[in-house]
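A short write-up of the structure that comes next.
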Amino acid sequence: MNSIEIKDLSLRFGEVEVLKNLNLSIHKGEFLVLLGSSGCGKSTLLNCVAGLLDLSHGQIFIDERNVTWEEPKDRGIGMVFQSYALYPQMSVRGNLSFGLKNAGIPKAEIAKRIQRAAEILQIQDLLHRKPAALSGGQRQRVAIGRALVRDVDVFLFDEPLSNLDAKLRADLRVEINRLHHRLKNTMIYVTHDQIEAMTLADRIAVMRDGNILQLDVPSQIYNRPINKYIAGFIGSPSMNFLEGKLSAGDNPSFIFGDERFDMSRYRFDGEGQQNGATTLGVRPEHIRTGNAAQEMPISRNIVVEVVEPMGSDTLVRTHLAGQEFRLRMDGLASVNKGDNLLVGFDPAQVSLFETTSEQRL
Amino acid sequence: MTSELLHDQQKPRTYSFDARPHEPAGAKPAKRLSPARIMIYSLLFVATLYYLLPLYVMVMTSLKGLPEIRLGNIFSPPMKLTFAPWVKAWDGACTGLYCEGLKVGFWNSIKITVPSTIVSIAVASVNGYALTNWKFKGSEVFFAILIFGSFIPYQVMLFPLVIITRELGIFGSLSGIVFIHTIFGMPILTLLFRNYFMSLPPELFKAARVDGAGFWRIFLVILVPMSLPIFAVALILQVTGIWNDFLFGLVFAGLKNFPMTVQLNNIVNATQGVKEYNVNMAAALLTGLVPLSIYFISGKLFVRGIAAGAVKG
């Protein structure tokens, strides 16, 4: 059964089309992440689901019920905002109970639900405090609690961790993950942070310019991005792109400069191989060096140009046949500028894109 | 002996440290008055004197008897201190036909100012809230028209408004003048409230909507409690504005409800009898006392509220 179903959704602000004919089905209990850079329409889509924005066209179903024209409070959703949006004049308890009081729920029930939410989120000791007296992490917990007490099937998160510092973000990420496993609610989570997306999501929807480009499980998004934009967006440091051309056949090969890479191990998508201008994408972390490189189907010698040690690993910048090339090495590897290095990778792990359409081959 | 010697040997070292007092270390020393500072302060001092002088003359004159005033030394303090002019101004000065002093006007002004302030702020705050958070088709145009209203000299609207209030049956009554003040407070107050509500995070409003709060509940329970500074600003603006108003009070309030300013004018501009300068001065000071004390009490709040409305965050 689908928990949320979005049909032909469009949203227009005057002449600008912000969301373009979106279709999206989210299963019950699924954790779906909307991922994209700012301005791609991901938050707008979430606001539409919440009922905070009116659609220009299309329908939204939540739990098989058409909620397209329903008020936010009647949709059975809870929402968590990036800026916490706690009511500053109310205590934590007041913040948690505000929605319940509006719904006319009896006092005893309100107290019970607050108790439960406070227990889950470990904020029992903070209930009497005002939001100003809380730290960022505590505030976001309270904000999550406010969604929790509503006892709804669908949670909407609008970049909930973006205002927190790195360590806290990692902690709360794990906590949200745990919360999802415990509550088994449907969750839609908007973020521009690919690590949050990769770690939390059951499925990721990558958005750009009001369209959903790819909707798939994180490993597919990472390993088999359907176009060059997604390939470059996911992964840090980002994917290497080498411009060249493909020569199709029984033993397809990628030709660029004087180099020729055998692509027979590459798994072609859909329409399969075709001759023409092609971009080869290979992730810096998929490149092996030294002895490991020798065992790879493709290996070349390069000269190290820039070394960026980052502790856990070391980033090496170089050029391959005149094109920029990055690779990631172990943090313990001793490598210096000017070193000669043998690098290699497996064609099964690369991505090929048609250069003009940027679509995966 | 040895210890003394040691002591002597150490001394030069401390001196060598002290010998460089300009080496920056620790708390930054307070700056001494520079010539530029002195210039600024003396200029400010002269400006202050310039503005306070009329007030000084008024206070002094109001405390003198008429014979002393006729001597013409307006700057000299009273030789014989008397409060009789103040008492007369409050209780017995003639305004037109009646000789009951300013106190009638004072209570009239209170009766006009209190409801006008409350009604205008109530309406304008809801206006500002709706224009910020419940945008409707054409709300921007509506707002632009409203703001345009504040650029039109209101003397232009005087005659149409007389007709409108007459048709409504409230011309020359207390409700008539309250109505007029509410209308004329609207543009600037709506602008004030809208700008303030614009500066509040929109997520707050969204969260309240998800929590099921409606138009009034969001406004009264969430927004009003966090907007007290701007309400204070509006209060000050309206109380002083309405208290100081002369024209509307004269035209719309009706004979019985003339505010203090109109009565003051009647006292000061009386053409019959002796010019009682001391009573006039006392009456003017009495009239100005209310707005003046409001500025003194809430000046800080006023500035804070204006700044809060102007600067985001």
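All chains are named by letter (A, B, ...) in the order of the sequence lines, taking the proteins before the strands, and each is independently numbered beginning at 1.
Around the CG atom of A/D165, the shell of radius 6.0 Å holds more than 12 heavy atoms that belong to other residues, nucleotides or ligands. For B/R37, the CZ atom sits in a loose shell: 12 or fewer heavy atoms of surrounding residues, nucleotides or ligands are nearer than 6.0 Å. Heavy atoms of other residues, nucleotides or ligands lying less than 6.0 angstrom from CH2 of A/W69 number 12 at most. Within 6.0 Å of atom NZ in A/K28, more than 12 heavy atoms from other residues, nucleotides or ligands are found, so the atom counts as buried in its surroundings. Within a 6.0 Å radius of CZ in B/F136, other residues, nucleotides and ligands contribute more than 12 heavy atoms. Taking a 6.0 Å sphere around CD1 of B/I110, one finds it holds more than 12 heavy atoms contributed by other residues, nucleotides or ligands. Within a 6.0 Å sphere centred on OH of B/Y41, heavy atoms belonging to other residues, nucleotides or ligands number 12 at most.
Between B/D211 atom CG and A/Y87 atom OH the span is 3.5 Å, to the nearest 0.5 Å. B/E203 contributes atom CD, which lies 10.0 Å from atom CG of A/L52 (distance to the nearest 0.5 angstrom). Distance NZ/A/K73 to CZ/B/R209: 10.0 Å, rounded to 0.5 Å.
Residues B/L204 and A/P88 meet the side-chain proximity criterion, which asks for heavy atoms closer than 4.5 Å. Contact check for A/M90 versus B/I222: side-chain heavy atoms found under the 4.5 Å cut-off.
Interface remark: of the candidates A/Q89, A/R146, A/Q82, A/Q89 forms the most heavy-atom pairs closer than 4.5 Å to chain B. Contact count against chain B (heavy-atom pairs under 4.5 Å) is highest for A/N102 among A/N102, A/L100, A/D158.
Using a 4.5 Å cut-off between heavy atoms, A/N47 touches chain B through its side chain atoms alone. Only the backbone of A/L86 has a heavy atom closer than 4.5 Å to any heavy atom of chain B.
Nearest heavy atom pair, residue A/I77 against residue B/V210, reads O-CG1, 4.0 Å.
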